[in-house]
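Notes to accompany the following structure.
It should be emphasised that the depicted structure is a prediction, and the values quoted were computed from it without experimental measurement. All residue numbers refer to positions in the sequence shown, counting from 1.
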Amino acid sequence: MKIAVLAGGIGGARFLRGVRAACPGDDITAVVNTGDDVTLHGLRICPDLDSVMYTLAGVHDGERGWGRKGETWRIKEELTVYGAEPTWFQLGDLDIATHLVRTRMLDAGFSLSDVTAALCERWQPGVSLVPMSDDRCETHVIVHLEGARRAIHFQEWWVKHRAGLPAEAFVQVGLDEAAPAPAALAAISAADVVLVAPSNPVVSIGTILGVAGIRDAVVTAAAPVVGVSPIVAGAPVRGMADACLPVIGVDVSAEGVGRHYGARSAGGLLDGWLIHDTDSATVPGVDVRAIPLMMTDDDDAAAMVRVALEIADALA
Ligand code: FO1
C-alpha cells in the first residue's frame, strides 16, 4: 500500500513512527513542512525535516522533541561567549554536523530533496522524507515590537519569544515563487491513503497546503484523506498551536480544526477525522471517529493509525 503523510515536526514525527509500525513494508512518504527552516550562523537548518529524520531513526531527544539525544553544546557555548547572535537558538554539536552537510550540499547546487535523501542514506528512517518544496519559503510572523509592526522569522517568535508575542498574521516569505517538490505531488497522487498528521494546522499543515499544487493534489486525490486532530480537550498535545489557530480565526478545538480543514465533498481536505475519545466534534461531510489519540509509544501511535486506515478503507 502507498501512504502519503502531510507532517510537521514533533507531532508529525511521532505519528510517522506509528505509521511505520502499523504498515511495515508499505511505501510511506512523508511530505514535510519546511516553513520553519532558517539560516543561522551560515548554516541551513530544517527543523521539521530533522525532527522527523532523527525521531524515525530513534536518535532524537524525546524530552526536548527536537535535536539529538546525548547532545553536547560546546560550539553553542563558544558562540555565546563570542556574542555571536542569535544566542537564543540552541545548536547542538551533533546537530551542527547535519547542518554542515546540508549547507555544503545546498551550496554545491543539490536540491533540498536530494540533500534530504542523502542525509536519510545514513539514518535509514524507513519512510521517504520529502520537503514540501525545494524552494525557500520561510514562515514569518507579523507582530508589534517596540511600537512598530514587524515581520520576524517564525523561529524568533517560537523560540526567543515562546510564541508569547501576539501574532497579527503568518506570512510564508517566498511561498508565491515556491514550487512543490516533484516527489511530494507524485506521492499524494499515487497514494492509496493520504494521512494528515497531528501537526500544527497553521504553520505546519497550513504551510504545506499553501505550496502551489499541494492543496489541489490532496483535494482531488483518488485516495481517501484522513486527518488526526492535534488538539485534545481544547489544547494542543504538544507545541503552541493554540497561539496560532486564533490568528486565522479557528477555534482551538478538534471540531474547529476539522471544520477548518473541511470536507472533501465541499472542496476541503478530509474524508475522515480522528479526535480524542474525550472530545466530540461534528464536521459536516466528514466521518468523525473518537478514539484514544495519545502517542506515548509506537504501539499507541500504530493503534491510532490502524483506525485511520480502517476509516480510509471504509471510505475508499
Ligand atoms: N526549539 C526551542 O525551543 N529552542 C531552541 O533553541 C531550538 C533549537 C533548534 C535547533 C535545531 C532544530 O532543528 C530545532 C530547534 N528547535 C528549538 C525546535 C524548533 O524551533 C521547532 O522544532 C520547530 O521549528 C517548530 O516545530
### Task
Find out if a path of hydrophobic residues (ILVMFWY) with successive side-chain heavy-atom gaps under 4.5 Å connects V196 to I311.
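V196 and I311: separate clusters.
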Charged N-O contact under 4.0 Å between [X] and [Y]:
| X | Y | result |
| --- | --- | --- |
| E138 | R44 | yes |
| D192 | K2 | no |
| D298 | R17 | yes |
| E255 | R259 | yes |
| D95 | R68 | no |
| E71 | K69 | no |

Tell me the closest heavy-atom pair linking [X] and [Y], and the distance in Å.
| X | Y | answer |
| --- | --- | --- |
| A187 | T29 | CB-CG2, 3.6 Å |
| F15 | A197 | CD2-CB, 3.6 Å |
| C120 | M53 | SG-SD, 4.0 Å |

### Task
Using distance alone, with no hydrogens and no angle criterion, decide if D216 and T220 have a side-chain donor and acceptor under 3.5 Å apart.
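Per modelled atom types, D216 and T220 side chains form no pair under 3.5 Å.
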### Message
Under a plain distance cut-off of 3.5 Å, with no hydrogens placed, do S111 and D114 share a side-chain donor-acceptor pair?
### Response
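The answer is yes; a qualifying pair exists.
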### Query
Given the side-chain rings of W157 and F170, with only the six-membered ring counted for Trp, is the space between their centroids under 6.0 Å?
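Yes - the distance between ring centres of W157 and F170 falls below the 6.0 Å cut-off.
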Do the non-hydrogen side-chain atoms of [X] and [Y] ever get within less than 4.5 Å of each other?
| X | Y | result |
| --- | --- | --- |
| L195 | V228 | no |
| T98 | R102 | yes |
| S204 | D48 | yes |

### Qualifying residue for side chain to side chain donor-acceptor pair (under 3.5 Å) with Q172, from T139, N33, T34
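Exactly one option meets the side chain to side chain donor-acceptor pair (under 3.5 Å) with Q172, and it is T139.
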#### Entry: N/O donor-acceptor pair under 3.5 Å between D134 side chain and A181 backbone
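Checking the backbone N and O of A181 against the side chain of D134, no donor-acceptor pair under 3.5 Å is found.
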#### Entry: Nearest-0.5 Å distance, CG of residue D36 to CG of residue D50
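Here the rounded value is 11.0 Å.
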